[in-house]
Amino acid sequence: MEDMLDHLQAKKAFPEAQLQASEAEDPDLEWDLRRIEGRIDVLKEMLREARD
């Protein structure tokens, strides 16, 4: 699971960089970013529960 978390955090950097570089808003990129952040939150919670 930690590998997946690392992968998602790296994957999150791409749409973040594109949004920062873009002059215009891109709803698709914003959606991708929110979806990835949601997955990261879920994985973090699962890791917390597995450690307890």
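Values below: all heavy atoms of this structure, side chains included; hydrogens, waters and symmetry mates excluded.
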Checklist outcome for this item: Here the gap from Asp26 atom CG to Leu33 atom CG, rounded to the nearest 0.5 Å, amounts to 11.0 Å
Next on the checklist: Does Glu25 have more than 12 heavy atoms from other residues, nucleotides or ligands lying within 6.0 Å of its CD?
Outcome noted: no
Item to check | Pairing residues for Asp41 by the side chain to side chain contact (heavy atoms under 4.5 Å, CB included) criterion, not counting sequence neighbours | outcome: none
Item to check | CD1-CD distance between Ile36 and Glu16, expressed to the nearest 0.5 angstrom | outcome: 8.5 Å
Checklist entry - So does Glu2 have more than 12 non-hydrogen atoms from other groups sitting under 6.0 Å from CD? => result no
Checklist outcome for this item: Distance col, row Gln9:CD vs Glu37:CD, nearest 0.5 angstrom, shows 11.0 Å
Next on the checklist: Hydrophobic clusters here meaning ILVMFWY residues chained together by side-chain heavy-atom distances under 4.5 Å, can you tell me if Trp31 and Leu19 are in one?
Outcome noted: no
Checklist entry - Would a hydrophobic clustering, with Ile, Leu, Val, Met, Phe, Trp and Tyr connected at side-chain separations under 4.5 Å, put Phe14 with Leu8? => result no
Checklist outcome for this item: Which of Lys11, Glu45, Lys12, Arg35 passes side chain to side chain contact (heavy atoms under 4.5 Å, CB included) with Ile40? It is Lys12
